[in-house]
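These notes concern the structure reproduced below.
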Amino acid sequence: MRRRSRLIIILLLVLTAAVIVYALFFMGRDAETAEVYLPTPNREDGAGSTAAPGFTLSELTPGNVQAALAELSRAESYSRTVTVEDFWGSGSAESQLMVWVSGEKALIRGSMGGSTRNLLLLDGMLYVWYDSISGLRELEYSDGADAWLRCITYEDVLELDSELISAAGYQQYAGADCIYVEYSEGDEDYVNRIYVSVDTGLLMGAETRSGGELIYRMQSTLPELTAPDESLFTPPER
């Protein structure tokens, strides 16, 4: 009889524990915002991180994509090529820019008027020079390199009213696993769509449409995540 009572007590304890576990992990889930799990960046060696085996990313929506983007951080050191295209009527123009980044330092090189233009961001200064023309221009400049790369600064999306975001999700783009976001900036005639790499936190592509017509497109090659040669970040002598 004593043994039977002991079994009943154990059974009741197991049932109680099961109820508590169910309450903690399952009740109220429908009312919560879905959590977004992303790979944790680990770039001490300059390499991008990848998801662990069996890792799955939860569904992204316009309501939670800003939280997902906020979890990303850009690679500290890399080099890549960015292609920018502009479209108007029946015409278009294309430019290619090579970029090397190491921390706060960046060198952007591209063709301009038959020559090669170099833009160096270093210690709060912007240095500009052309390979075929002597002379060096410099001025104070503390912002990032996105404007000179003609890239959309995707972190600005974090400040948008979520109602301006019309679509979001995961998609492979330019060879990288990306978060994509489609949004307007208050003017419904202009709609942006951006693709941000989950592994490196870098913008891999972007499009802008006006009245449904494509007017701007940017695409990046897969970045090389080794640290660039430090000699690249030295302005030429006057």
Side-chain angles (χ1 to χ4, degrees), residues 36-43 45-51 55-62 64-87 92-103 106-110 119 121 143-160 165-185 190-209 214-228:
V36 179
Y37 297 95
L38 297 171
T40 301
N42 181 14
R43 303 191 180 90
D45 59 355
S49 62
T50 56
F55 188 89
T56 59
L57 298 173
S58 63
E59 183 179 2
L60 278 182
T61 68
N64 65 17
V65 70
Q66 289 167 304
L69 287 176
E71 292 295 320
L72 302 180
S73 59
R74 300 195 190 198
E76 286 293 322
S77 300
Y78 60 90
S79 57
R80 61 173 175 163
T81 299
V82 170
T83 300
V84 178
E85 299 172 273
D86 294 290
F87 304 90
S92 64
E94 177 181 303
S95 59
Q96 285 193 335
L97 299 167
M98 295 179 290
V99 58
W100 295 265
V101 173
S102 179
L107 174 65
I108 301 167
R109 184 174 291 163
L119 296 166
L121 304 177
D143 291 334
D146 286 355
W148 299 104
L149 278 170
R150 297 197 56 215
C151 291
I152 294 173
T153 302
Y154 76 82
E155 287 88 352
D156 291 345
V157 176
L158 303 180
E159 306 300 324
L160 286 179
I165 299 175
S166 55
Y170 291 105
Q171 182 178 329
Q172 190 169 80
Y173 184 89
D177 292 327
C178 295
I179 293 173
Y180 74 82
V181 188
E182 188 170 291
Y183 64 96
S184 63
E185 297 182 71
Y190 289 89
V191 177
N192 296 321
R193 188 179 180 95
I194 61 172
Y195 301 85
V196 184
S197 170
V198 172
D199 287 334
T200 66
L202 298 175
L203 184 73
M204 294 300 296
E207 296 179 353
T208 299
R209 295 180 182 273
L214 182 66
I215 61 172
Y216 163 87
R217 179 165 59 205
M218 166 264 171
Q219 184 169 322
S220 169
T221 59
L222 284 173
E224 174 62 49
L225 297 176
T226 55

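Starting from 1, each residue takes its place in the sequence as its number.
- Remark: the backbone N or O of G201 is paired with a side-chain donor or acceptor of Y154 at under 3.5 angstrom.
- Taking the six-membered ring for Trp and thresholds of 30 and 60 degrees, Y195 and Y180 have ring planes inclined between 30 and 60 degrees apart.
- Atom CE of residue M218 and atom CG of residue D86 lie 13.0 Å apart, to the nearest 0.5 angstrom.
- Between M204 and Y173, the shortest heavy-atom distance links the atoms O-CE2, 3.6 Å.
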Practice task
Please lay out, stage by stage, how L160 and Y183 fare under the test side chain to side chain contact (heavy atoms under 4.5 Å, CB included).
Solution key: CA-CA 9 Å; L160 286 179; Y183 64 96; 3.2 Å; yes
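- The structure places CG of L72 at 8.0 Å from OG of S197, a figure rounded to the nearest 0.5 Å.
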Problem - Worked check of side chain to side chain contact (heavy atoms under 4.5 Å, CB included) between D146 and I152 - result: CA-CA 7 Å; D146 286 355; I152 294 173; over 6 Å; no
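- Taking all atoms of both residues into account, the shortest heavy-atom contact from L121 to D143 is CD1-O, 4.3 Å.
- Checking side-chain atoms of E94 against main-chain N and O of T83 turns up no donor-acceptor pair under 3.5 Å.
- When all heavy atoms are compared, the tightest approach of A75 to L225 is CB-CD2, 3.9 Å.
- Taking all atoms of both residues into account, the shortest heavy-atom contact from V101 to A106 is CG2-CB, 4.0 Å.
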Practice task
Go through the steps for Y170 and D177 under the test side chain to side chain contact (heavy atoms under 4.5 Å, CB included), then give the verdict.
Solution key: CA-CA 7 Å; Y170 291 105; D177 292 327; over 6 Å; no
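- Contact detail for I194 and A206: the closest heavy-atom pair is CG2-CB, 4.1 Å.
- Rounded to the nearest 0.5 Å, atoms CG (L97) and CZ (R150) are 8.5 Å apart.
- To the nearest 0.5 Å, the span separating CZ on R80 from CD on E224 amounts to 13.0 Å.
- In this structure, OG1 on T226 lies 12.5 Å from CH2 on W100, to the nearest 0.5 angstrom.
- The minimum heavy-atom distance between S77 and P228, with the atom names listed, is CB-CD, 4.1 Å.
- Contact of the W148 side chain with the V99 side chain is not registered, since no non-hydrogen atoms from C-beta on lie closer than 4.5 Å.
- A distance of 9.0 Å separates CD of E207 from CD of E182, quoted to the nearest 0.5 Å.
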Problem - Residues S220, L202; criterion side chain to side chain contact (heavy atoms under 4.5 Å, CB included); working and verdict - result: CA-CA 9 Å; S220 169; L202 298 175; over 6 Å; no
